[in-house]
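Comments concern the structure below.
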There are 2 protein chains.
Amino acid sequence: MSHPALAVTVDLVVLTVRADTLSVLLVERGEEPFLGRWALPGGFVRPDEDLPAAAERELAEETGLPRGLVHLEQLASYGAPGRDPRQRVVTVCYLALAPDLPVPRAGTDAADARWFPVAEAQGLAFDHDHLLADGVERARSKLEYSPLATAFCPPEFTVAELRKVYEAVWGTGLDPRNFHRKVTGAAGFLDPTGATTTRDGGRPAALFRRGPATTLHPPLLR
Amino acid sequence: MSHPALAVTVDLVVLTVRADTLSVLLVERGEEPFLGRWALPGGFVRPDEDLPAAAERELAEETGLPRGLVHLEQLASYGAPGRDPRQRVVTVCYLALAPDLPVPRAGTDAADARWFPVAEAQGLAFDHDHLLADGVERARSKLEYSPLATAFCPPEFTVAELRKVYEAVWGTGLDPRNFHRKVTGAAGFLDPTGATTTRDGGRPAALFRRGPATTLHPPLLR
DNA sequence: ACAAAAGTGTTAGGAATACACCCATGG
DNA sequence: CCATGGGTGTATTCCTAACACTTTTGT
């Protein structure tokens, strides 16, 4: 059977929390179209490559972020004719959540790569404003009923650090005492390591790793 | 820039509730590969067609279901090499929810089209078992926090009919009295029409239309 | 009158909030 | 000893599940 052939790309909404602010990784385009404009990292899917593999490859190539520390999930696909001025392109967008890692290097096709507070990330190339908004909304809602907030934290973290993630992503303040009770009470959310830290001053805080749970019972509500 | 060209399709997980059973619309393939096997309806995206438009077109062509009554949302994309034995195909899968409409006609590429209880829909062509499972899981979870269950109902419906939708999709029993209070209490979920019906015997039940809400506060939990 | 389904009232138990209070460290 | 943040106890308030009860029809 005959069929039309289309170009397929993966794009990445890579989020982190830096300085108590939800931030997104953008690359400065080194090619036309949109040369010099900021955009989400991404690129073409190769002929024999599965979609998650393409997303992981682009994450490594364009951002230099280490694979193991980054949570990656599919967000949605976008294929409006005209979204790329060169040709018809369907993009499969992935959402990546990372801890606050050192500024990554620019990739092959990018002139520069930097973290931006999501509130300042506007006027992006293509329809990337739209993809970013969808990714932020997904992240916000998934914090409620999944243990995904731990993806923004280093492998070992304190309850207060986890709370700052929620406050940054949701843009709200949370009661530290009730938050502590909730997250330590949700089965499978946090695994105590037994160690403590005093990096924020005051009484030492217990350190946790992410637990085995995939959903939160009960959920944490905004 | 050079790039690989891939075939892109849309596939549809079309669900309804028939005889208190969650059911899926399948088509019998009239072509190779998988000739004679049951599959999800779907087809190639045209060169100048947006993805939602392709989904709506395939829904009309392959199932004959009327557009206005069917809720349509994107589910996910699947592109593993080898998922179509002919060539590399990336599919964008849509979830469609419909009221219990008369058995639709077979489409152009299909030998037959029928509703199957989802529990009996196994051994489908391609990776469609997987897409179906993902669609069912999405429908189950969206009933909790969105007013989507109304998409399974005709334009005017009773609280008991809505409850049967929840019971069929979740596979659980619900207390009719508490359910009534919850759904009529959730702001924007149901709009009373003022009319009543006695189609199930007993005291006449009030008729409702779906309200303007997009999320349920508070959610209905499984 | 009775059966059947719709819809309301009531109550007991459990979760969320607000906040008082205590704990463990550094300076 | 005091400041700082970590963590626990507790009372009040709200929500929910369970279920007794009333309403309105058809036969």
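As the structure is a computational prediction, the values presented were derived from the model and not from experiment. In what follows, chains are A, B, ... by sequence order, proteins preceding strands, each numbered from 1.
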Got more than 12 heavy atoms from elsewhere within 6.0 Å of NZ, A:K164?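 12 or below, so no.
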Using atom [atom1] of [X] as one end and atom [atom2] of [N] as the other, report the distance to the nearest whole Å.
{"X": "B:L174", "N": "C:dG7", "atom1": "CG", "atom2": "P", "answer": "16 Å"}
{"X": "B:D200", "N": "D:dG26", "atom1": "CG", "atom2": "C1'", "answer": "13 Å"}
{"X": "B:F179", "N": "D:dC15", "atom1": "CZ", "atom2": "P", "answer": "19 Å"}
{"X": "B:R177", "N": "D:dT23", "atom1": "CZ", "atom2": "C1'", "answer": "15 Å"}
{"X": "B:L190", "N": "C:dG7", "atom1": "CG", "atom2": "P", "answer": "11 Å"}
{"X": "A:R163", "N": "D:dG6", "atom1": "CZ", "atom2": "P", "answer": "7 Å"}
{"X": "B:K164", "N": "C:dA5", "atom1": "NZ", "atom2": "C1'", "answer": "10 Å"}
{"X": "A:E167", "N": "D:dG5", "atom1": "CD", "atom2": "C1'", "answer": "14 Å"}

Test side-chain contact (heavy atoms from CB on, under 4.5 Å) on B:V24 and B:V14; report intermediate values, then the result. CA-CA 6 Å; B:V24 60; B:V14 187; 5.6 Å; no
Please determine whether any donor N or O and acceptor N or O are separated by less than 3.5 Å between the side chain of A:R203 and the base of C:dA24.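 Donor-acceptor pair under 3.5 Å: no.
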Find which nucleotide of DNA chain C each of B:P204 and A:D175 is nearest to by heavy atoms, and output the residue with the more 5' nucleotide.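 Closest to the 5' end, via its nearest nucleotide, is B:P204.
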Which comes earlier along DNA chain C counting from the 5' end, the contact point of A:G202 or that of A:R181, where each point is its nearest nucleotide?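 On the 5' side of the pair lies A:R181.
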Quick one: is B:H180 getting a side-chain N or O under 4.0 Å of the C:dT8 phosphate, OP1 or OP2?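 B:H180 to C:dT8 OP1/OP2: side-chain N or O found under 4.0 Å.
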Under 4.0 Å between a side-chain N or O of A:K182 and OP1 or OP2 of C:dA15?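 It does not, given that no N or O in the side chain of A:K182 lies less than 4.0 Å from OP1 or OP2 of C:dA15.
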I'd like to know whether the aromatic ring centres of A:F208 and A:F157 sit less than 6.0 Å apart in this structure.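 Centroid separation for A:F208 and A:F157: 6.0 Å or greater.
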Which part of the nucleic acid does A:N178 contact within heavy-atom distance under 4.0 Å: base, sugar-phosphate only, or nothing?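 The residue A:N178 makes base contact.
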If we ignore hydrogens and angles and just use 3.5 Å, is the side chain of A:E120 paired with the main-chain N or O of A:P117 as donor and acceptor?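 No, the answer is negative, given that no donor and acceptor are paired below the 3.5 Å cut-off.
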Mind running side-chain contact (heavy atoms from CB on, under 4.5 Å) on B:L25 and B:W115 for me, showing each step along the way? CA-CA 4 Å; B:L25 181 64; B:W115 293 112; 3.5 Å; yes
